[in-house]
Structure formats: structure tokens, C-alpha cells
Peer 1: 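Next up is a structure, given as C-alpha cells.
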Amino acid sequence: MSREKYHKRWLRQSVAGLLLVSAGLCMTIESALLKYEGILLLEWLLAGTVSLIVFNAGLCLLIDSVRFRMLRDQAED
């Protein structure tokens with residue numbers, strides 16, 4: 001891959017990762033509020049599980065984007 005392709009991949013993944021991490025945190029807070037509002041166990045449990053999946057997917061994308069940043073920097077040499 002060329003330096004420019006690594007840069008585009010890094011940029012896309014890092015932005016997507018940050019968005020997913022933020023969305024996952026918001027969803028986790030929302031599921032906690034559902035729990036304390038007395039919503040059925042299954043509803044807030046599923047909401048919390050989905051929120052943690054979104055959060056962890058964002059972390060994975062964000063961490064993997066570092067690899068493309070490093071590859072981009074190595075392509076400069």
C-alpha cells in the first residue's frame with residue numbers, strides 16, 4: 001500500500017473508532033438509566049449488552065488504526 005492509502009485507512013478507522021466509542025458510552029449511560037427507571041430486566045440488559053458491543057468495537061477500530069498510522073510513517077522512509 002502507498003503512504004496515501006495508509007493515511008486514508010488510518011483516518012477512516014480512527015474517526016469511526018472514536019464515534020463508536022462515544023456512541024457506546026452514551027448507550028451505556030442510557031441503559032443504566034433504564035435500569036433505574038424500573039424497566040424490565042431483559043430490556044435494559046439487552047440495551048447494556050449492545051452498548052458494550054458498540055463500545056468495544058470502537059476500541060478495536062481505534063487501536064487497529066494505530067497500526068496503519070505506523071505503517072504510514074514507515075512508508076515515508
Side-chain angles (χ1 to χ4, degrees):
M1 286 180 111
S2 70
R3 182 179 183 276
E4 185 177 318
K5 285 187 180 185
Y6 286 132
H7 181 76
K8 286 181 182 178
R9 180 80 184 261
W10 164 72
L11 193 60
R12 281 194 307 263
Q13 267 193 248
S14 60
V15 170
L18 287 172
L19 288 173
L20 284 175
V21 166
S22 301
L25 285 175
C26 290
M27 292 167 65
T28 301
I29 293 167
E30 183 65 29
S31 64
L33 291 173
L34 289 175
K35 177 182 178 182
Y36 290 108
E37 287 177 359
I39 303 296
L40 294 175
L41 171 71
L42 186 60
E43 289 182 33
W44 67 260
L45 188 64
L46 285 175
T49 302
V50 170
S51 69
L52 290 176
I53 290 169
V54 171
F55 178 78
N56 286 321
L59 281 181
C60 289
L61 279 175
L62 197 56
I63 291 168
D64 191 47
S65 72
V66 173
R67 178 173 54 108
F68 290 103
R69 177 62 187 246
M70 290 171 50
L71 289 170
R72 185 202 79 147
D73 291 344
Q74 288 176 355
E76 285 182 11
D77 300 334

Peer 1: Shortest non-hydrogen contact from R72 to H7?
Peer 2: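 Minimum heavy-atom separation between R72 and H7: NH1-ND1, 3.0 Å.
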Peer 1: Distance from L46 atom CG to I39 atom CD1, nearest 0.5 Å?
Peer 2: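 Taking CG in L46 and CD1 in I39, the distance rounds to 13.0 Å.
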Peer 1: Report the distance from atom CD1 of I63 to atom CG of N56, rounding to the nearest 0.5 Å.
Peer 2: 9.5 Å
Peer 1: G58 and L20: which non-hydrogen atoms are nearest, and at how many Å?
Peer 2: CA-CB, 3.5 Å
Peer 1: How long is the gap from CD on Q13 to CG on L62, to the nearest 0.5 Å?
Peer 2: 9.5 Å
Peer 1: To the nearest 0.5 Å, how far apart are CG in L52 and OG in S31?
Peer 2: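 It comes to 7.0 Å.
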Peer 1: Would you tell me whether S14 and S65 have side-chain atoms, one donor and one acceptor, within less than 3.5 Å of each other?
Peer 2: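 Their side chains do not contain a donor-acceptor pair, so the 3.5 Å distance test is not met.
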Peer 1: Atom CG of L11 and atom CZ of R69: how far apart are they, to the nearest 0.5 Å?
Peer 2: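 L11 atom CG to R69 atom CZ measures 10.0 Å (nearest 0.5 Å).
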Peer 1: Kindly state each residue pair satisfying ring-ring contact (aromatic ring centres under 6.0 Å, His included) with at least one member in residues 45-68, sequence neighbours excluded.
Peer 2: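 Those involving residues 45-68 do not exist here.
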Peer 1: On a heavy-atom basis, which atom in L61 and which in A16 lie closest, and how many Å separate them?
Peer 2: CD1-CB, 4.1 Å
Peer 1: Is V50 reachable from L34 through a run of hydrophobic residues whose side-chain heavy atoms are each under 4.5 Å from the next?
Peer 2: no
Peer 1: Between atom CG of D73 and atom CH2 of W10, what is the distance when rounded to the nearest 0.5 Å?
Peer 2: 9.0 Å
